[in-house]
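Values below: every heavy atom of this structure, side chains too, minus hydrogens, waters and symmetry copies.
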Amino acid sequence: IYTDVPVVHSLHAHDKIKSMKIHRFISQYDTDKNTITIKDKETLFQIVNVLKLESGEHIILSDGNGIDKEIILTEAHKKNVAGTLYRETTIEKPLTLHAYIALLKKDNLELAIQKMVELGVTDITPMVTTRTIKKGYNKERLEKIIKEATEQSGQSYLPALHSETTFLHAIDYAQGN
């Protein structure tokens with residue numbers, strides 16, 4: 001996995017070999033031959049303002065569907081981040097692991113979903129049970145947590161967040177698959 005492992009590379013024989021941490025992003029991008037331009041405003045902000053990455057540094061962009069592109073940044077400005085394709089990798093789709101989780105109080109639901117993603121769950125369905133106290137959840141917030149946990153854990157497939165269901169529907173679905 002790219003995120004925590006030091007990577008040793010050499011572009012040319014005369015270049016110094018160096019070790020570095022490569023940051024991973026799941027983001028929308030445009031490709032023109034070997035040039036990749038990042039369009040997502042949140043990713044632009046994180047690269048330029050938070051991480052303060054500069055030209056020459058490597059990052060990994062994933063489309064969330066198993067295509068990882070390691071790029072070398074050529075531009076890193078507030079309105080434009082672009083780079084040159086260094087390596088493209090296609091990752092095999094993991095086994096399907098569908099988790100159903102009852103709606104939990106407070107931040108417990110967010111933490112539980114984050115941990116599920118880190119463990120490799122591919123599908124998540126919130127569930128209402130007879131003892132569920134919480135009614136509803138912020139879907140956009142959960143999708144953001146899923147994206148960040150996927151990036152952090154070095155995965156290339158973005159897990160799907162399904163619509164809320166009942167316990168009985170979940171059992172029926174599980175028996176049919």
Show the nearest heavy-atom pair for residues [X] and [Y], with the distance to one decimal.
X      : Y      : result
Glu57  : Lys52  : OE2-O, 4.3 Å
Lys134 : Lys105 : CD-CA, 4.4 Å
Ser27  : Leu61  : CB-CD2, 4.3 Å
Ser156 : Ile91  : OG-CG1, 3.3 Å
Ala112 : Ile101 : CB-CD1, 3.4 Å
His77  : Glu75  : CD2-OE1, 3.7 Å

Is the shortest heavy-atom distance from the side chain of [X] to the side chain of [Y] under 4.5 Å?
X      : Y      : value
Gln46  : His23  : no
Leu109 : Leu142 : yes
Leu119 : Ser153 : no
Val81  : Phe25  : no
Thr37  : Asp32  : no
Lys33  : Thr35  : no
Lys78  : Asn49  : yes
Tyr29  : Ile71  : no

Under 4.5 Å between side-chain heavy atoms, hopping through other hydrophobics if needed: is there a path connecting [X] to [Y]?
X      : Y      : answer
Ile113 : Met127 : no
Val117 : Leu104 : yes
Leu85  : Leu73  : yes
Leu53  : Val48  : yes
Leu168 : Tyr173 : no

I'd like to know whether CD of Gln28 has more than 12 heavy-atom contacts from other residues, nucleotides or ligands below 6.0 angstrom.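 Atom CD in Gln28 is not crowded, with 12 or fewer foreign heavy atoms closer than 6.0 Å.
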Ignoring hydrogens and geometry, is there a side-chain-to-backbone donor-acceptor pair from [X] to [Y] under 3.5 Å?
X      : Y      : answer
Tyr100 : Thr165 : no
Thr74  : Ala82  : yes
Lys147 : Ile26  : yes

Using 30° and 60° as the class limits, which term best fits the ring planes of His98 and His162: parallel, tilted or perpendicular?
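Rings of His98 and His162: parallel, under 30°.
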* To do: Say whether Glu110 and Gln114, considering side chains only, have a donor N or O and an acceptor N or O under 3.5 Å apart.
  =>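 No.
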Quick check for you: to the nearest 0.5 Å, what is the distance between [X] atom [atom1] and [Y] atom [atom2]?
X      : Y      : atom1 : atom2 : result
Ile124 : Leu97  : CD1   : CG    : 9.5 Å
Arg87  : His58  : CZ    : NE2   : 8.5 Å
Met116 : Ile145 : CE    : CD1   : 11.5 Å
Phe167 : Thr129 : CZ    : OG1   : 8.0 Å
Thr90  : Lys69  : OG1   : NZ    : 9.0 Å
Ile22  : Ile60  : CD1   : CD1   : 5.0 Å

| said: My understanding is that only one of Thr31, Ile36, Ile67 makes a side chain to side chain contact (heavy atoms under 4.5 Å, CB included) with Glu88; could you say which? | reply: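 Of the listed residues Thr31, Ile36, Ile67, the side chain to side chain contact (heavy atoms under 4.5 Å, CB included) partner of Glu88 is Ile67.
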Open item on the list: Between Arg24 and Glu151, does any NZ, NE, NH1 or NH2 come within less than 4.0 Å of an OD or OE carboxylate oxygen?
Closed with: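 Here Glu151 does not pair with Arg24 in a salt bridge, since their nearest N and O are not under 4.0 Å apart.
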